[in-house]
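These notes are about the structure you will find just below.
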Amino acid sequence: MTLTGRTTMKIWLVLIAVFLLGSVTGAALTGLYRSRASAGRNGRDRGKHEQRFEKMRQELNLTDQQATDVRTILDQTRNDYRALREELRPRFEEPRIRARTKIRALLNAEQQKKFDALVAQQDAEHKAEGEKR
């Protein structure tokens, strides 16, 4: 191999290495960002509620007793919304199950296995989201 050929090969190898390292770094940073973003969501929601409450407290110049009563009302309202979501959740499951049954009927055996795996993954992610709330 000539000197020019070796130099060209070295340049290509360096370019490929740089590309691969960039891809790996990008994937790792994306995973880190997503995990931190999803983990911090609940903390931000709580912080958001607290900020709104403090703004209300200051703007309305609430007494300590009023602030305690307002906080109790807001907490109860949040609990009412959670209960309502839990009550309605089964009604949302019925159409999902019907759709999955119809889709599964269209697929061959191999596709059904893959579909079942996708569905199981989606259900696990959905369950994890629900536990965060």
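Just so it is clear, the values below take in all heavy atoms, side chains as well, and ignore hydrogens, waters and symmetry mates.
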> Given Arg71 and Gln66, is the side chain to side chain contact (heavy atoms under 4.5 Å, CB included) satisfied, shown in steps?
Replying inline: CA-CA 8 Å; Arg71 186 180 297 274; Gln66 287 174 319; over 6 Å; no
> After noting the C-alpha distance and the side-chain angles of Arg78 and Arg82, does the key distance pass the side chain to side chain contact (heavy atoms under 4.5 Å, CB included) rule?
Replying inline: CA-CA 6 Å; Arg78 228 179 340 272; Arg82 281 189 193 114; 4.1 Å; yes
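With rounding to the nearest 0.5 Å, the separation of CG in Asp123 from CD in Gln121 is 10.0 Å. To the nearest 0.5 Å, atoms CD (Glu110) and CG (Leu107) are separated by 11.0 Å. A distance of 7.5 Å separates CG of Asp69 from OG1 of Thr63, quoted to the nearest 0.5 Å.
Leu21 and Trp12 are not part of a single hydrophobic cluster, where members link through side-chain heavy atoms under 4.5 Å apart. Residues Leu60 and Phe53 share a single hydrophobic cluster, defined by chaining ILVMFWY side chains whose heavy atoms lie under 4.5 Å apart. Note on Ile103 and Val119: same hydrophobic cluster, where clusters join Ile, Leu, Val, Met, Phe, Trp and Tyr whose side-chain heavy atoms are under 4.5 Å apart, directly or indirectly.
A side-chain donor-acceptor contact under 3.5 Å links Gln76 and Asp80. If you check the side chains of Gln112 and Asn108, you find no donor sitting under 3.5 Å from an acceptor.
Considering all non-hydrogen atoms of both residues, Met56 and Val70 come closest at SD-CG1, 3.7 Å.
Between Arg89 and Glu93, none of the side-chain N atoms (NZ, or NE/NH1/NH2) sits under 4.0 Å from a carboxylate O, so this pair counts as no salt bridge. Using a 4.0 Å cut-off between charged nitrogen and carboxylate oxygen, Asp64 and Arg57 count as a salt-bridge pair. Salt-bridge check for Asp116 with Arg100: failed, with every basic side-chain N at 4.0 Å or more from each acidic carboxylate O.
Counting only heavy atoms from C-beta outward, the side chains of Lys55 and Gln51 never approach each other to under 4.5 Å. Side-chain atoms of His126 and Arg96, non-hydrogen and from C-beta on, do get closer than 4.5 Å to each other.
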